Amino acid sequence: MANIEQILTDLTEPQIEAVTHIDGPLLVLAGAGSGKTRVITRRIAYMVAQGLPPWNIVAVTFTNKAAAEMKTRTMALLADMPGRPGERVLVSTFHSLCVRILRQYGQAAGLPPGFGILDSADQTKLFKQVLAKVGLSPENFNPNAVQGQISRAKNNLQGPAQVTAKAVSFFDKGMARAYVCYEEMLKAAGMVDFDDLLVKTAILLRDNAEARGQLQERYGYILIDEYQDTNKAQFVIAHMLAMNHKNICATGDPDQSIYGWRGADIQNILEFEEFFPGAKVVRLEQNYRSTKIILKAASALIENNRGRKKKDLWTENESGEKITVVHARDQHHEAQEVVQMLQAARRESGLTWDKMAIFYRTNALSRVVEDALMTAGVPYQIVRGTEFYGRKEVKDVLAYLKVIANPRDAVSFERIINVPPRGIGESTVTRLSAFAAQHGITLLEACARAREVPELSMKVADTCRKLAGQFDSWRKDTSNREAPASAADHDSTAASSDLAPNADPLFDPALAQFAQGQLNPDDTEEYEYEAGEPEPPGAAAQADHADAVDDQPPTTDSPHAASESMSIRDLMEKVVNEAGFRQKRKTSPDDEEINANVDELINVATEFDIRNPGGSLQEYLEQVALVSDVDRLKEGSGAVTLMTLHAAKGLEFPLVVMIGLEDGLLPHQRAFSGPDSRRDMEEERRLAFVGITRAMRKLILTCVESRMVRGQIERQKPSLFLGELPPECLQTRDLAFHAVSAGSWGDSNGGPRIHAPASQSEPASNGSSPHRTGYRRGLLVRHAKFGLGRIEEVLSAGPSQRVRVNFQSCGLKTMVTAMANLEPLDR
DNA sequence: TGGAATTGGCTTTTT
DNA sequence: GCCAATTCCA
């Protein structure tokens with residue numbers, strides 16, 4: 001067996017305890033920076049080395065990025081074991097795991113095969129329709145509030161019936177009707193929303209003994225990371241899976257619970273021992289990340305929360321520098337100061353840009369900082385996914401694909417029925433919808449039968465029929481690859497009543513191929529976590545574990561391996577061309593950008609095809625739906641990283657800047673005025689704690705005297721959290737016009753107060769070209785797919801910067817730099 | 001019917 | 001200040 005000594009090397013006593021406790025419940029209370037990921041990966045490696053079947057182990061994380069990292073590190077630990085067992089451990093996000101389960105047990109969960117996943121923008125859109133349909137005026141019923149309420153109800157496993165029964169007030173009754181209608185519309189469209197992924201899985205596991213039994217065996221050893229952020233549905237899933245074997249390892253830190261607002265229940269971790277009597281509890285309190293001063297400040301801050309389990313973080317690291325607190329005049333001044341401090345750090349400490357990060361409470365705060373970085377020519381990457389996938393044209397193209405994959409998806413179909421414009425107006429859609437409802441058919445089918453629809457002119461009817469015909473033909477293009485998937489869906493019913501090993505659709509041929517793609521050593525990086533458990537054909541024969549259970553991979557070659565089917569890329573290209581996206585585009589800058597984004601989407605699809613040979617359209621859409629902002633973060637990018645405090649969880653940087661430390665921002669206004677302000681305030685404090693503990697060596701906190709908020713200049717007070725930091729840890733630079741009011745943070749601290757006007761010590765060093773980023777004309781770059789190329793032209797600046805690159809392999813291409821992952825090769 | 005212009009709402013945080 | 005949605009105009 002593998003080298004167990006090696007796996008346990010360099011671990012502390014408590015870490016070893018956590019790693020070697022395999023059977024029975026285990027709670028690891030892991031303080032910030034205490035080597036939690038290390039413990040989890042070593043633990044998985046240890047289990048495998050002990051002879052546990054890797055395919056019975058599932059590790060659940062919060063983000064794809066965390067999953068990918070965990071997978072990579074686990075595989076590295078097990079690299080010398082025969083048969084690459086590390087690849088067969090499933091490391092997945094909660095949501096991906098649920099998709100897996102629901103694809104397998106869709107029928108039992110009441111879902112149609114090929115159900116689609118509604119993204120949040122579509123969800124909002126659908127909600128508007130719901131409110132209109134139910135006759136609730138948006139004045140009285142704030143769509144966001146209703147949506148939030150329903151989401152909360154869902155995550156508490158309250159169905160429409162329960163909510164309706166409980167509704168007393170006018171508002172509650174309205175909400176209940178909206179809930180009922182919303183669910184009906186989702187069902188009609190064959191869609192689920194993000195919440196449903198968790199909720200439907202939880203209910204399936206709770207109510208379906210057969211499915212539960214199979215999945216309990218399938219996932220015999222469960223690890224759940226960030227347990228403090230689990231909500232009720234996730235809690236139920238974990239418990240239902242673990243209730244028999246009890247082999248559950250939860251890791252987390254109550255002090256880093258920051259998702260209460262979306263239903264996460266901190267009690268889940270606080271009461272773990274009550275739910276799992278006899279659970280072993282291991283505390284990891286030694287911090288390996290931060291300096292003593294940073295850790296002291298973080299501890300002092302979090303002490304102000306009541307009702308928390310006391311925890312003493314300590315470190316053997318050096319004391320380090322004091323924390324710099326900057327009080328600036330306004331947001332522009334703040335941004336400018338931040339940029340100068342980053343430049344100074346690079347100059348004086350030799351830190352590269354990618355060792356630095358800037359955190360903020362709300363996304364809106366990033367813009368000014370972005371501008372300042374751009375003007376100074378400092379490369380940066382911003383972690384915000386909507387940037388690309390939220391674009392209209394991107395969503396439009398994806399909507400076409402969604403309809404192809406799921407013809408019942410009315411949300412997507414309505415989105416693109418007249419995009420590009422083809423003369424199908426609102427009234428036409430209304431008539432088609434009515435006709436569809438009347439005959440119990442989909443909107444798409446109604447289009448095909450448009451001639452039967454009264455009041456439609458021949459011309460319009462023919463346009464509709466033509467569109468429906470196009471969808472038919474596109475659908476045929478995918479049928480080769482979709483067929484096996486739906487066949488597998490039917491098999492799942494068989495699997496429910498039969499433990500035949502090969503009936504597990506999780507190992508359907510498409511997935512097996514999917515996995516093979518992962519096994520290519522050249523294909524590393526972000527998609528590895530999807531590889532999970534499917535096995536290359538034939539390898540299962542080597543499985544010699546006595547306790548191997550029902551889900552060994554199939555031993556036969558995929559029957560569909562040779563079938564010709566169109567790649568996602570080709571399909572997308574075809575749709576884009578035939579739907580007329582490329583038609584009347586002039587060369588206005590807007591159109592050019594739209595074209596570039598569509599091109600980029602196709603490029604990204606190409607990468608999917610390479611990584612997932614034989615991957616189905618459904619899988620592609622799933623992957624797109626479940627990418628999160630943080631997933632796009634790249635390390636070693638040579639750029640400063642900008643992100644929200646929420647996105648920062650789990651990461652670390654040598655230099656961290658937190659901006660906007662002001663009452664009303666951090667803590668957020670809601671924590672002062674909301675209905676549950678005490679709880680909210682504590683969560684805000686944890687959020688600040690998370691931010692501070694990301695810093696390894698240097699921490700800078702900034703606030704301003706006045707700030708433009710929603711177009712209004714507001715006077716700001718320094719955050720009350722600043723006053724909770726020990727003064728001796730701080731070094732304050734007050735650059736504001738006016739002294740800070742008495743009693744707040746500025747006065748009591750011992751640090752020198754430097755009154756200085758905006759420092760001119762570092763004039764923008766590259767005055768001639770203000771919008772310079774890392775990419776410039778003539779730069780030699782490498783692209784994962786297209787290889788070497790030279791930048792011919794930089795077309796625009798900013799977050800959606802595009803460049804035209806001349807590739808050796810395929811000539812000119814326009815790409816969005818934020819997406820394309822171009823590697824600069826000069827110098 | 002499509003495009004331009006004005007208005008109004010909005011901002012937490014995210015899978 | 002920005003974005004989306006509605007309204008207005010051709």
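Quantities reported herein were computed from a predicted structural model and do not represent experimental measurements. Order of the sequence lines fixes the chain letters, A, B, ..., with proteins taken first and strands second; residue numbering starts at 1 for each chain. Atoms considered below: every heavy atom in the structure, side chains included; atoms not considered: hydrogens, waters and symmetry mates.
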Exercise. Taking the six-membered ring of A:Phe689, is NZ or CZ of A:Arg686 closer than 6.0 Å to its centre and within 45° of its axis?
Worked result: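 No, A:Arg686 and A:Phe689 do not form such a contact.
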For this session: In plain terms, say whether A:Asp119 and A:Lys395 are close enough for a salt bridge, that is, a side-chain N and a carboxylate O under 4.0 Å apart.
Result: yes
So which nucleotide from [options] ends up closest to the side chain of [X]?
X	options	result
A:Asn363	B:dG2, B:dT13, B:dT15	B:dT13
A:Phe194	B:dT13, B:dG2, B:dT15	B:dT15
A:Thr644	B:dT15, B:dT11, B:dT13	B:dT13
A:Thr362	B:dT13, B:dG2, B:dC10	B:dT13

Problem set entry | Bounds of contact between DNA chain C and chain A, in 5' to 3' order, using a heavy-atom cut-off under 4.0 Å |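 Under 4.0 Å from chain A, the extent on DNA chain C is C:dG1 to C:dA5.
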For this session: Please indicate yes or no: is the ring centre of A:Trp261 less than 5.5 Å from the centre of the six-membered base ring of B:dT13, with the two planes inclined by under 30 degrees?
Result: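 Yes; by the centre-distance and plane-angle rule, A:Trp261 counts as stacking on B:dT13.
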For this session: Before giving the answer on side chain to side chain contact (heavy atoms under 4.5 Å, CB included), spell out for A:Ile117 and A:Val192 the whole-Å C-alpha distance, their side-chain angles and the decisive distance to 0.1 Å.
Result: CA-CA 5 Å; A:Ile117 300 166; A:Val192 298; 4.3 Å; yes
For this session: Determine the contact category for A:Tyr259: base if any of its heavy atoms lies under 4.0 Å from a base atom, sugar-phosphate if only primed atoms, P, OP1 or OP2 are that close, otherwise nothing.
Result: sugar-phosphate
Exercise. Is there a donor on the side chain of A:Arg262 or the base of B:dT14 sitting less than 3.5 Å from an acceptor on the other?
Worked result: yes
For this session: Identify, with sequence neighbours excluded, every residue that meets side chain to side chain donor-acceptor pair (under 3.5 Å) alongside A:Tyr182.
Result: A:Gln123, A:Asp193
